[in-house]
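Computed over heavy atoms, backbone and side chain alike; hydrogens, waters and symmetry mates excluded. The shown structure was predicted, so the numbers you read here are calculated from the model rather than taken from an experiment.
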Amino acid sequence: MRWKTFTLYSECSVKVIDYKTELSINLEKWIENSWVAKKTLYPKLFNGRVFTATLILPHQITGYWTEYRYVSAQMENKEFNKSLCLKPLAVTGLIFCDDGFILGKRNKNSVYLPSYWQCAPAGSVEARHKEKTVNLHEQLFVEAREELGLKKDFFSNSRILIATQHPETDIIDIGIMLKTHLNFQQIYNYWQKKGNSEYDELICISDLTLLPKPIIPSTRYLIKASYKDNNRI
């Protein structure tokens, strides 16, 4: 299936609108039962507030906050797409260091695309502290700290480049390129000491012919976009 990609302006912002998901009693019951069953398999799952897009333009993304259990239900059963119409937003960062750029191999027990390679860090756009607004760069910095143990101060020249839509789940990856003064060994050491279990492996790529497989297509598109960017860091 085709992965849709949209070019974004580097200053692309997010507009939050008020919207409440309203579904039939039967569908709500199915979603709740599905969520309980999934929690049994993945006890660490949390029904937090995640952002879903309604309109994507180069300069602005519009959408609203919803519960993660709705996103989970849509991923579980594609037939609910017509009722839920969710396009959950995620951020994914392509980190350049002096040695190349960083990729992570998703945990083999991940709910979605286990053992696939992707840009690291990456994660859903969440309201961790009941935020009402969305800052894509800050969302990525939080993921970098949680997944890799890297502080915001380690990065510079953060640039939004593209949005890529997953055909099966309708997840929208916002691809962001950034640079760090750390070398790969330092990044690896931080990941080992302070990162979480999101990735089973972490590597640095300096030769595009050596990209590992399987790799998430949105990662390929972000890598390509970063090398085309006239103001590449």
Side-chain angles (χ1 to χ4, degrees), residues 3-21 35 42 44-75 81 84-95 104 106 110-113 116 118-148 150-152 155 158-178 195-196 198-199 216-219 221-222 225:
W3 291 57
K4 298 179 182 178
T5 300
F6 316 90
T7 299
L8 301 177
Y9 296 157
S10 61
E11 65 274 15
C12 181
S13 62
V14 177
K15 178 182 178 181
V16 182
I17 60 175
D18 291 328
Y19 182 81
K20 183 178 180 180
T21 303
W35 177 251
Y42 304 97
K44 292 184 179 180
L45 283 180
F46 174 66
N47 185 32
R49 293 169 69 231
V50 294
F51 190 83
T52 179
T54 56
L55 178 65
I56 298 178
L57 298 174
H59 70 286
Q60 187 177 73
I61 298 169
T62 302
Y64 59 94
W65 295 109
T66 190
E67 296 178 55
Y68 177 70
R69 66 190 181 99
Y70 292 128
V71 174
S72 176
Q74 182 171 285
M75 292 173 65
N81 194 10
L84 295 168
C85 300
L86 301 177
K87 293 180 173 58
L89 217 61
V91 287
T92 178
L94 184 62
I95 299 176
R106 292 175 60 82
S110 295
V111 177
Y112 181 58
L113 296 177
Y116 269 71
Q118 68 173 44
C119 294
S124 300
V125 172
E126 307 174 49
R128 294 174 174 82
H129 306 289
K130 299 183 179 180
E131 299 98 327
K132 293 184 178 180
T133 60
V134 176
N135 184 307
L136 296 173
H137 300 275
E138 293 298 328
Q139 288 279 336
L140 186 62
F141 294 144
V142 171
E143 294 293 342
R145 186 183 71 244
E146 293 178 350
E147 296 181 355
L148 305 177
L150 301 178
K151 299 178 182 178
K152 174 182 176 180
F155 300 109
S158 175
R159 287 177 57 79
I160 297 171
L161 291 181
I162 60 171
T164 304
Q165 184 173 348
H166 296 224
E168 289 291 335
T169 63
D170 285 330
I171 292 171
I172 306 287
D173 282 340
I174 305 302
I176 302 176
M177 178 177 61
L178 62 169
N196 61 22
E198 183 75 19
Y199 306 106
I216 297 177
S218 56
T219 289
Y221 297 146
L222 179 53

Please assess E67 against N47 for the test side chain to side chain donor-acceptor pair (under 3.5 Å), listing each intermediate value before the final yes or no.
CA-CA 6 Å; E67 296 178 55; N47 185 32; 2.8 Å; yes
Start with the C-alpha distance between R106 and E198, add both sets of side-chain angles, then the distance that settles salt bridge (Lys or Arg N to Asp or Glu O under 4.0 Å), and finish with yes or no.
CA-CA 6 Å; R106 292 175 60 82; E198 183 75 19; 3.7 Å; yes
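With contacts defined as side-chain heavy-atom distances shorter than 4.5 Å, the pair R128/Q139 qualifies. Side-chain contact between L84 and T52 is absent, with no heavy atoms from C-beta onward closer than 4.5 Å. Side-chain contact check for I176 versus I160: some heavy-atom pair is nearer than 4.5 Å. Contact of the D170 side chain with the Q165 side chain is registered, since non-hydrogen atoms from C-beta on lie closer than 4.5 Å. The closest side-chain heavy-atom distance from C12 to I61 is below 4.5 Å.
Below 30°, between 30° and 60°, or above 60°: for H166 and W3 the angle between ring planes is between 30° and 60°, a tilted geometry. In this pair, Y64 and Y19 present their aromatic rings tilted. The plane angle is within the 30 to 60° band.
The shortest heavy-atom contact between S158 and F141 is CB-CZ, 4.3 Å.
Between E138 and R145 no salt bridge is recorded (no basic side-chain N to carboxylate O distance below 4.0 Å).
Counted within 6.0 Å of OH on Y112, heavy atoms from surrounding residues, nucleotides or ligands total more than 12; the atom is thus considered enclosed.
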